[in-house]
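This report concerns only the one structure given below.
In what follows, residues are counted from 1 in the order of the sequence shown.
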Amino acid sequence: MTGTERYERQTALPGIGQEGQERLARSKVLVAGAGGLGSPLCLYLAAAGIGTIGIADFDTVSISNLQRQILYNEADLGKAKADLAASRIKAISSATEVHVHGKITAGNAEAIISGYDIVADGCDNYATRYIINDACMTQKKPFVYGAVCGFEGQVSIFCAGEKPCSYRDLYPDEKAMLSLEADKRVIGPVAGITACVQASEVIKLVCGYGTQLIGKLWTINALTMETNLVELDYAR
């Protein structure tokens, strides 16, 4: 899992090294959702050498998924995403331990998340994000949030640090958010860009290098290629 040649391009970096690679091999990351964000997340986390990856998803592959959900192809239509994602992860890294979970609910979130160090957000709905956020806050597990809509994406890290921010701080009115009609418009590469930033933040959290997006919100607009980094001033 921590073979010198396999990971030599990243262990050569001063922020990672062999010690960081060993941390990655010991880490356990839950990817909540195996769609547009979850697909690149699974691929990059497995390739980086994350030792245990959990996949929480209950959906099957549909034709409209193929525009951005790069884990799947036409032969996968109708099959369970979580099972397919697990097999693709094992194909990339046979030593990675993979666990498949179904839908995350208020009733099972605490139990599922307790088995992981970090949760990476691949959700496509507000309700699940609130549930995950609350469980992560209770258990003090970093929640690497990501979201995309249209040509825009955003990433932050909640439930981490000395004065952790919460998803509820960013979107405090849960009732209003849940009443919104889902906007499913998105350009595929924006999901990929956003998920890659999330994967980078997960690796930074595990290895402990760089400035992480704790207390910050990163955004990108692919129409203008403008990015912004906003300090969140409601840290507790």
**Study point:** Flag, side chain of Glu201 to backbone of Leu213, donor-acceptor distance under 3.5 Å
**Key:** yes

Practice item. Answer with yes or no whether the hydrophobic clustering places Leu77 together with Ile70; edges join I, L, V, M, F, W, Y residues whose side-chain heavy atoms lie under 4.5 Å apart. Key: yes

Point to revise | Closest contact, heavy atoms only, Ser156 versus Leu232 | key: OG-CD1, 3.9 Å

Review point. Roughly how far apart are Ser64 OG and Arg68 CZ, rounded to 0.5 Å?
Key: 6.0 Å

**Study point:** Carboxylate-amine/guanidinium proximity below 4.0 Å for Asp76 and Arg88
**Key:** yes

Check your understanding: Between the side chains of Asp169 and Ser166, does any donor sit under 3.5 Å from an acceptor?
Key -> no

Point to revise | Candidate pair Leu180 and Met177, rule side chain to side chain contact (heavy atoms under 4.5 Å, CB included), full reasoning | key: CA-CA 5 Å; Leu180 293 176; Met177 296 302 292; 4.1 Å; yes

**Study point:** Test: Asp124 and Lys184 ion pair at under 4.0 Å
**Key:** no

Practice item. Spell out, as yes or no, whether a donor-acceptor pair under 3.5 Å connects the side chain of Lys81 to the backbone of Gly35. Key: no

**Study point:** Ile89: which of Leu43, Val31, Ile53 passes side-chain contact (heavy atoms from CB on, under 4.5 Å)
**Key:** Ile53

**Study point:** same_hphob_cluster(Val29, Tyr209) at 4.5 Å side-chain heavy-atom cutoff
**Key:** yes

Check your understanding: Same hydrophobic cluster for Val155 and Met225, using side-chain heavy-atom links shorter than 4.5 Å among ILVMFWY?
Key -> yes

Study note, to complete from the structure: Smallest heavy-atom separation, Pro142 atom then Leu205 atom, equals CB-CD1, 3.9 Å

Point to revise | N/O donor-acceptor pair under 3.5 Å between Ser39 side chain and Gly36 backbone | key: no

Review point. With distance as the sole test, does Lys141 use its side chain to make a donor-acceptor pair with the main-chain N or O of Ile113 at under 3.5 Å?
Key: yes

Point to revise | Verdict with supporting geometry, Asp117 and Arg26, side chain to side chain contact (heavy atoms under 4.5 Å, CB included) | key: CA-CA 10 Å; Asp117 306 313; Arg26 294 192 299 268; over 6 Å; no

Practice item. Report the distance from atom CD1 of Ile118 to atom SG of Cys159, rounding to the nearest 0.5 Å. Key: 12.0 Å

Practice item. Write down the atom of Asp121, the atom of Leu37, and the distance for their closest heavy-atom approach. Key: O-CD1, 3.7 Å

Point to revise | Interatomic distance, Phe143 atom CZ to Leu30 atom CG [nearest 0.5 angstrom] | key: 10.0 Å

**Study point:** Heavy-atom pair with the smallest gap, counting every atom of Cys196 and Tyr44
**Key:** SG-CE1, 3.5 Å

Review point. Taking everything shown except Lys28 itself, do over 12 heavy atoms lie less than 6.0 Å from its NZ?
Key: no

Review point. Quick one: do Val98 and Leu71 end up in the same hydrophobic cluster if we chain Ile, Leu, Val, Met, Phe, Trp and Tyr together by side-chain heavy atoms under 4.5 Å apart?
Key: no

Review point. What are the two closest non-hydrogen atoms of Ala34 and Tyr72, and how far apart are they?
Key: O-OH, 2.6 Å

Check your understanding: Rounded to the nearest 0.5 Å, how far apart are CG of Leu170 and CZ of Arg129?
Key -> 10.0 Å

Check your understanding: Backbone N or O of Ser62 within a donor-acceptor pair of the Gln69 side chain at under 3.5 Å?
Key -> no

Practice item. For the pair Thr194 (side chain) and Ala191 (backbone), establish whether a donor and an acceptor sit closer than 3.5 Å, ignoring hydrogens and angles. Key: no

Point to revise | Rounded distance (nearest 0.5 Å) linking atom OG1 of Thr96 with atom CD1 of Ile50 | key: 8.5 Å

Exercise for review: Nearest 0.5 Å please: distance from the CD1 atom of Ile131 over to the CD atom of Glu110.
Suggested key: 11.0 Å

Practice item. Report the C-alpha distance between Leu24 and Gln10 in whole Å, list the side-chain angles of each, state the deciding distance to 0.1 Å, and finish with yes or no for side chain to side chain contact (heavy atoms under 4.5 Å, CB included). Key: CA-CA 11 Å; Leu24 291 169; Gln10 63 190 40; 3.7 Å; yes

Revision key, fill the gap. The single option from Thr211, Val230, Ile157 that satisfies side-chain contact (heavy atoms from CB on, under 4.5 Å) with Lys216 is Thr211

Exercise for review: Please examine the side chains of Leu66 and Val61, heavy atoms only from C-beta on, and report whether any two atoms are closer than 4.5 Å.
Suggested key: yes

Exercise for review: For the pair Ser179 and Lys175, evaluate side chain to side chain contact (heavy atoms under 4.5 Å, CB included) and give the outcome as yes or no after the intermediate values.
Suggested key: CA-CA 6 Å; Ser179 68; Lys175 184 177 180 180; 5.9 Å; no

Review point. In terms of hydrophobic clusters joined by side-chain contacts under 4.5 Å, are Leu13 and Val206 together?
Key: yes

Check your understanding: Can you name the closest pair of heavy atoms from Gly215 and Cys165 and give their distance?
Key -> CA-SG, 3.9 Å

Review point. Short question: side chain of Gln198, backbone of Val144 - any donor-acceptor pair under 3.5 Å?
Key: yes

Point to revise | Result of checking Tyr126, Trp218, Phe158, Tyr130 against Tyr145 for ring-ring contact (aromatic ring centres under 6.0 Å, His included) | key: Phe158

